[in-house]
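Everything below concerns the one structure shown next.
Throughout, residue positions are numbered sequentially from 1 according to the sequence presented.
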Amino acid sequence: GINAEYGASFGKVVTELSAIENLNFFRSQQKNYVCESFESISAFGEHAALPHYDPALNLSAAAAAAGSSSSSSSSSSSSSSSNVPSNSIITTQNLYLLDSGAHYLDGTTDVTRTVHFGSATAEQKRTFTRVLQGHIRLANAVFKKRTTPRDLDILARTALWSDGLDYGHGTGHGLGCFSSVHEGPVLLAGSSRRSGIYIADHPLSPGVILTNEPGYYKAGHFGIRIENAMLVIEPDNNRFNASSSSIPSLSSSFSSFLAFEPLTWVPIDKKLIDKELLNQEELEWLNNYHQKIWLLYKDYDLVVA
């Protein structure tokens, strides 16, 4: 597995690349597995501050930061340093981010989790919790039909904004099955922009699958991202609280609304959560999410290798 504490206790070294290799092996043992759906992003520490870091490309966070901030005269000299091999060992000293997915005969996945195998700093816990709050607020959204992804993007950012923080990428994208894992036309972003086949103003409709992946990246230090796939659905009254569903005048009005249903069931690292920052609705979502994971997987034998 990729548990650094477990590996260290047995004299094993786990690197960014070997973690991917192990993950791919475990996935290959699953029913209907075909292949990876994209090149995994396995990033430890400062490398996770690069949203699309790839250890196989030998691109270090320090070299990227130097290249982006240097003048044109010095950038050529720093570019060579970006080719220095960088396949970090995963230790207990910082955050580890893993963004990965696979094609199966019955579907395609794209999931990101950020974990810490030691003790996170107060700053890391606070920013992780702000990212989690954004993820939950988007996941819990109930919105009118014909709403566009651009209208919803702000939900994933307001918790970070309250601390003067943000992230520089879109919040989500359409997720295809055995096509591009980034499938158009859905683009969940705050700007009214087009990027190839992606359109932030394309209205959402039932049956659309998209990702929910807010993050935070502190250059040269660490990165955080939490990503699930979600299905756009027409909700029934059971999704709403008892007070609203018991009001006859409201029960029929839900037909003009849409909501999200999670498709990804992977635990979120609770050690990284500052529970004092969560409101009751966010805490209930988190507990319900982990309860569903327990019910789904409690009968499986989990083998650490």
Could you tell me which residues satisfy side chain to side chain donor-acceptor pair (under 3.5 Å) with Thr264, sequence neighbours excluded, listed by chain and number?
none
Neighbour count >12 (heavy atoms, 6.0 Å) for atom CD1, Ile154:
no
Gap separating the OG1 atom of Thr129 from the CG atom of Leu286, nearest 0.5 angstrom:
10.0 Å
Mind telling me whether Tyr53 and His47 have parallel, tilted or perpendicular rings, with 30° and 60° as the class edges?
parallel
Please check if the side chain of Asp151 supplies one atom and the backbone of Thr148 the other of a donor-acceptor pair under 3.5 Å.
yes
For Arg157, salt bridge (charged side-chain N to carboxylate O under 4.0 Å, His left out) partners two or more places apart
Asp153, Asp166
Over 12 non-hydrogen atoms of neighbours within 6.0 angstrom of NZ in Lys271
yes
Who are the ring pair (Phe, Tyr, Trp, His ring centres under 6.0 Å) partners of Tyr217, not counting sequence neighbours?
His169
How about Ile233 and Pro206: do any of their side-chain heavy atoms sit closer than 4.5 Å?
no
Name all residues meeting the side chain to side chain donor-acceptor pair (under 3.5 Å) criterion together with Arg126; count only those two or more places apart in sequence or in a different chain, and write none if there are none.
Asp163
I need the minimum non-hydrogen distance between Leu23 and Ser100, along with the two atoms involved.
CD2-OG, 3.3 Å
For Phe178, enumerate each residue passing the ring pair (Phe, Tyr, Trp, His ring centres under 6.0 Å) test, keeping only those at least two apart in sequence or located in another chain.
His103
Is it true that atom CD1 of Ile89 has more than 12 heavy atoms of other residues, nucleotides or ligands lying nearer than 6.0 Å?
no
For the backbone of Glu281 and the side chain of Glu284, can you confirm whether one donor and one acceptor N or O come within less than 3.5 Å of each other?
no
Please enumerate all residues that pass side-chain contact (heavy atoms from CB on, under 4.5 Å) together with Ser28, with sequence neighbours excluded.
Phe25, Tyr33
Nearest 0.5 Å, please: how far is NE2 in His221 from OG1 in Thr121?
10.0 Å
Inter- and intrachain pairs under salt bridge (Lys or Arg N to Asp or Glu O under 4.0 Å), touching residues 287-296, at least two apart
none
Residues that Trp294 engages under side-chain contact (heavy atoms from CB on, under 4.5 Å), provided they are two or more places apart
Gln291, Lys298
So CG of Leu138 and CZ of Phe260: to nearest 0.5 Å the spacing works out to 5.0 Å
Is it the case that the side chain of Glu213 and the backbone of Ile226 share a donor-acceptor pair, with hydrogens and angles ignored and the cut-off at 3.5 Å?
no
Flag for Gln133-Arg130: side-chain donor and acceptor within less than 3.5 Å:
yes
Side chains of Arg113 and Asn228, donor plus acceptor under 3.5 Å:
yes
Give a yes or no answer on whether the side chain of Thr109 reaches the backbone of Ala102 with a donor-acceptor pair at less than 3.5 Å.
yes
Distance in Å, Leu187 CG paired with His182 NE2, rounded so as to fall on 0.5 Å steps
10.0 Å
Regarding Glu36 and Arg27, does a basic nitrogen lie under 4.0 Å from an acidic carboxylate oxygen?
no
Residues forming a side-chain contact (heavy atoms from CB on, under 4.5 Å) with Gln93, sequence neighbours excluded:
Thr91
Do Leu97 and Ile224 make a side-chain contact, defined as non-hydrogen atoms from C-beta onward lying under 4.5 Å apart?
no
Return the set of residues passing side chain to side chain donor-acceptor pair (under 3.5 Å) with Glu123 (not counting sequence neighbours), or none when no residue passes.
Lys218
Examine the side chains of Asn94 and Gln124 and answer whether a donor and an acceptor come within less than 3.5 Å of each other.
yes
If you look at every heavy atom in Leu258 and Leu204, which pair is closest and at what distance?
CD1-O, 3.6 Å
side-chain contact (heavy atoms from CB on, under 4.5 Å) involving Glu276 - partner list, sequence neighbours excluded:
Asp274
Would you name the heavy atoms of Ile209 and Ala229 that are closest together and state the gap between them?
CG2-CB, 4.4 Å
Any Leu155 side-chain heavy atom under 4.5 Å of Thr171 side chain
no
Who are the ring pair (Phe, Tyr, Trp, His ring centres under 6.0 Å) partners of Trp265, not counting sequence neighbours?
Tyr289
Of the non-hydrogen atoms in Asp99 and Phe38, which two are nearest, and what is the gap between them?
OD1-CZ, 3.2 Å
Where do Asn212 and Pro214 come nearest, in terms of heavy atoms and distance?
OD1-CD, 3.2 Å
Could you check whether Lys144 makes a cation-pi contact with Phe257, meaning its NZ or CZ is under 6.0 Å from the centre of the six-membered ring and within 45° of the ring axis?
yes
Show the nearest heavy-atom pair for residues Thr114 and Arg225, with the distance to one decimal.
OG1-O, 2.9 Å
Do Glu16 and Ser42 get their side chains close enough for a donor-acceptor pair, meaning under 3.5 Å?
no
